[in-house]
Amino acid sequence: MSRSARRRHARSRDPRGHWRLLILIMPVVFAALLFEGWTTHEVDAAKTRRPCSRPVPRAVDESGPVLRRISGDKVSSAAAPARTVALTFDGGPDPVWTPRLLDLLREHHAHATFFVFGARAARHPELVRRILDEGHEIGSNTYTGADLGSSSGVRAAMELTLTQKTLAGTAGIHTDLLRMPMTTQVDTLCGAEWKAARSAAADGYVLVAADRPDRDPAHGLIRQFSQTELAYQETKKLLGDPHAERFTTVTDAVGMPSAETRVSTAERWQGKGLNWAVTAGHAFTHGMTWVLGVAGALGLLRLVLLTVFARAHVRRLTRLRPGAPWLREVNAPVTVLVPAYNEEAGIESTVHSLLASTHPYLEVIVIDDGSTDQTADLATWINDPRVRVIRQPNAGKAAALNTGLANASYDIVVMVDADTVFEADAVHRLIQPLAHPAVGAVSGNTKVGNRRGLLGRWQHLEYVFGFNLDRRMFEVLECMPTVPGAIGAFRRDALLGVGGVSEDTLAEDTDLTMALWRAGWRVVYEESAVAWTEVPTSLRQLWRQRYRWCYGTLQAMWKHRRAVAELGPAGRFARRGLTYLALFQVALPLIAPVVDLFALYGALFLDPVRSTGVWLGFLAVQLICAGYALRLDGERLRTLWSMPLQLFVYRQLMYLVVIQSVVALLLGTRLKWHRMQRSGTAATEQLRQPVAARELSSR
C-alpha cells in the first residue's frame, strides 16, 4: 500500500461502532414488523367468532343495551329515553368515511359515539382529536377488532390495554366505554362472549350493545353503524327521521357522566411511544413492499441478462464468421508471476502445475513477500532452471507483483495466486486472445478445487453461476471489470503503461483491469483456460476474504468513476461495467434481504401459500440458470442440491459483506489485510475430476 494510502487509512475510524448500532436497530425493526403484522393481520384464531355454547343470562336478555355494572349473571343496565337517539359508529377511524360522517353530524348539529380500533387510531391520530374537538365521544372497539370470546386471556388483555395506551398518546384520554367486536344486541353476548364481557366489566368497562335496527326512535334508540358508504346513507336517513328529537352520545343519552378521563403525562408519553412504533412499522412495511418490487425486478433482470448474454457468448464461440481474419497462434514466451506470503502449503503444487504446462517457453518468478514460513525455501528447492525466486520485505501483494514485473524477461505476463493449480494447457489457451493487438489483458476460468464440504460447494456454485457467468456477459458487452488474481494474462507494455499494479485499493486486480480499460486496452475472457483455486473453509475466513474483495471493488469503482464521461473503450466499459456493478453487486445486495424478510413476513401474516409459492418460483428460476451455468462449464448438475441451503446461510452472509463494506467505506473505516489459512487442496478436484469432464470444460 502506498504511503499516502497508509496515511488515509490511519486517519480512518474503527469499524465496530456501526455494528453496535446495527445490533441495537435490528431487534427494534423485527419487533416493529411483528407488531405491525399482528395488529394488521391478526394471526391467531380471533378473526371469527365461536358459536355460542349457551344462551345469554335472562337478566342480560331483558336488559337495556348499556350494561353499566355486571355482578355474576346480574346486570345494571340503561337505555335511551323516548325520542332520543345515540348514534354509534364501530371501527375506524377511517380516513375516507370518518371525516364525511363528522361533516354530516355537524351539518345536523348532532353528536355521536365513535368506537375505534386502537390500531387505526394510532395511524390517524388527527381524526381521533377531531372527533373529540367536535364534541363527540370515544369508546374502545379493541385494538384490532378481534373477537374477545375467541381470544386467549393474554390477547384479550392486550387488545384492551393497547387501545387505552393509543388513546392516551393520541388524545390524552382513557375511555370507560367498550363495544365488543362482532356483537350487536345484548343477546349476542352469549357463551364465550359473556365470559369476556364479565371480565371486561370487572376492569371497569361499561359495555355498550345496540337496539334492534327496526326499533322506532320514538321509543329511544341506540343505533349501531359501521363506517362505510351504506352507513353514511343510513345515518343521513335517520337524522331526518321526524320521530327523533335529539341525537347525542351514549353517556349523555343514558344520563351517565363522561366516559373520558385525562391521563398523566407519563401515560401520555407511553402512548406516544406506542403510536410512533406503530407508525414506523406501518411505514416500514409499506416501504418494504416497494423495495421488494425493486429487488425482485433487479434480481430477475440480472438472471435474464446473464442467461441471454451467456447464450450469446456460446454462439459467438461456436459460430464461424464469414470474412473474419484468422488470428495467428500465440507461442511467444511467457513470464508467470507468483506473489506469495506464507504459502508453504500450496506453493509447490502451484509451481509444479505451471512447469507441467504444454506452453513451450515459460519463466516462473516466485516473489516471496517477507514470508515467515518455508515458502521461499520450498520454491527455491524446485530443481528447474525456469524457476526464479525473489525475496523482499513484506510490502503487500501489489508491491510483490510490481517487483516481479520489473524482473520479467518476456512481453507476456501471467499473474497467478500462490494457491492456484493450472491445467496443463491453461497458460497456452490463456494467452491466445493476445494475438489481437487491441487486447491488453485476458481473464481465465477459475474453478474451486476444495469443494467437498458444504461451504466449498456453495462457493463452487458462486464461482460458476456468479463469477464465470458474469464474465461471459462482460465479454459480450466488452466491459470486463476484473481479471482475477488467480489466473490472468497481460501485455507487459500495457502494465507498464498504467504504472504497474496500483496500491491504492485492496482489490488490486479490479483496479488494474479498470486502469487498462481507461488506457484504451480491451479486456476479454478465455473460458477454456482453467485454473483451480483454494477457497476458504470456514465462515470466518470467507467473511474476511469477501469483505476485502467487496471493499476493494468499491474503492476501485470510486477511483475510476470519472470514466463514465470518457469516450472510446473507457467510457463504454464504465457506462456498462460500472453501472452493472453498482446495480447488481452493490444496490441489489443492499436491498435483497428485504425479499427474504418479506417472504417470512408474508408466511406469518399474509397468505403463506402465496408467499411460499413466490419464493419457490424465484428459487426455481435460479436453479434453472445455475444448471445452465454448470452445463456451460462442464460441471455436474448434482451440485444443485445444495443451492436451496445456500440461500439461507451463504447468501445472507454475502449480503452482510456488502452492507458492511458500504458502511465501512462511507465512514472511512480502516481495513486490514486478512490472510486466509491455506491447506494446499486446490488440486483436489482437478485430480479427481474425470478426463472427459475436464475436456468438456475446456471447450
Side-chain angles (χ1 to χ4, degrees), residues 64-66 78-141 145 163 166-167 170-173 175-179 181 183-185 206 208-262:
V66 181
R83 308 185 76 82
T84 298
V85 177
L87 296 170
T88 65
F89 299 95
D90 290 358
D94 182 88
V96 175
W97 291 106
T98 299
R100 296 184 183 183
L101 287 168
L102 290 172
D103 292 342
L104 179 64
L105 293 171
R106 182 172 54 190
E107 180 183 339
H108 288 81
H109 305 288
H111 293 96
T113 301
F114 287 80
F115 291 94
V116 299
F117 292 148
R120 294 187 182 178
R123 294 176 193 162
H124 307 288
E126 72 288 350
L127 292 179
V128 175
R129 290 190 286 269
R130 180 183 171 185
I131 289 170
L132 293 174
D133 291 344
E134 295 186 6
H136 305 290
E137 189 172 52
I138 293 286
S140 171
N141 203 193
T163 302
T166 298
L167 293 176
T170 55
I173 64 166
T175 181
D176 293 334
L177 297 182
L178 171 65
R179 171 163 285 157
T183 61
T184 52
Q185 293 82 45
V206 174
V208 180
D211 291 307
R212 295 179 63 85
D214 56 358
R215 181 180 173 90
D216 193 330
H219 303 302
L221 176 65
I222 295 180
R223 184 69 190 274
Q224 179 183 24
F225 292 109
S226 58
Q227 296 191 40
T228 61
E229 182 178 7
L230 178 61
Y232 179 87
Q233 298 299 332
E234 291 292 327
T235 301
K236 187 175 183 179
K237 180 180 178 181
L238 183 58
L239 287 170
D241 194 310
H243 296 161
E245 295 179 351
R246 191 164 66 107
F247 295 89
T248 187
T249 64
V250 169
T251 55
D252 183 56
V254 299
M256 290 176 53
S258 173
E260 299 153 2
T261 55
R262 306 301 299 180

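In this text, all values refer to a predicted model and were calculated from it rather than measured experimentally. Along the sequence shown, the residues carry numbers beginning at 1. In what follows, every heavy atom counts, from backbone to side chain, and hydrogens, waters and symmetry copies are set aside.
Using a 4.5 Å heavy-atom threshold, the side chains of H136 and L102 count as touching. Looking at T251 and P257, their side chains never come closer than 4.5 Å, going by heavy atoms from C-beta outward. Side-chain atoms of H124 and T98, non-hydrogen and from C-beta on, never get closer than 4.5 Å to each other. You'll find the side chain of I131 stays beyond 4.5 Å of the side chain of F89, heavy atoms only. Looking only at side-chain heavy atoms (C-beta outward), Q185 and P65 stay at 4.5 Å or farther from each other. Using a 4.5 Å heavy-atom threshold, the side chains of L87 and L105 count as touching.
Among all heavy-atom pairs drawn from A171 and L132, the shortest one is CB-CD1, 3.4 Å. Across every non-hydrogen atom of A253 and T84, the tightest pair is CB-CG2, 4.0 Å. The minimum heavy-atom distance between G91 and N141, with the atom names listed, is N-OD1, 3.1 Å. Taking every heavy atom of both residues into account, Q227 and D94 meet most closely at OE1-N, 3.7 Å. Residues R215 and G220 share a closest heavy-atom pair of NE-O, 2.6 Å. Contact between V85 and A244 at its shortest, heavy atoms only, is CG2-CB, 3.7 Å.
The line from CZ of R123 to OG1 of T166 is 10.5 Å long, rounded to the nearest 0.5 Å. With values rounded to the nearest 0.5 angstrom, R212 atom CZ is found 15.5 Å from I222 atom CD1. One distance of note links CG of L221 with CG of L238; it measures 6.5 Å at 0.5 Å rounding.
None of D90, T184, T88 except one satisfies the side-chain hydrogen bond (donor to acceptor under 3.5 Å, both in side chains) rule with Q224; the exception is D90.
Sorted by first and then second residue, the ring-ring contact (aromatic ring centres under 6.0 Å, His included) pairs involving residues 239-261 (not counting sequence neighbours) form an empty list. Every pair tested for side chain to side chain donor-acceptor pair (under 3.5 Å) that includes a residue from residues 229-240 fails, sequence neighbours excluded, so the list is empty.
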### Worked verdict on F225 versus L101 for side chain to side chain contact (heavy atoms under 4.5 Å, CB included)
CA-CA 11 Å; F225 292 109; L101 287 168; over 6 Å; no
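Between the side chain of D176 and the main chain of V206, no donor-acceptor pair closer than 3.5 Å is present. For R179 (side chain) and A209 (main-chain N/O), a donor-acceptor pair under 3.5 Å exists by modelled atom type. When atom types are taken as modelled, the side chain of T175 and the backbone of I138 share a donor-acceptor pair closer than 3.5 angstrom.
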Distance-only criterion, 3.5 Å: show the donor-acceptor pairs between side-chain atoms of residues 109-119 and protein atoms not counting sequence neighbours.
| residue | atom | partner | partner atom | Å |
| --- | --- | --- | --- | --- |
| T113 | OG1 | E137 | OE1 | 2.8 |
| T113 | OG1 | V250 | N | 3.0 |

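Salt-bridge check for D103 with R130: passed, with a basic side-chain N closer than 4.0 Å to an acidic carboxylate O.
Residue R106 qualifies as enclosed at atom CZ: its count of foreign heavy atoms under 6.0 Å is above 12.
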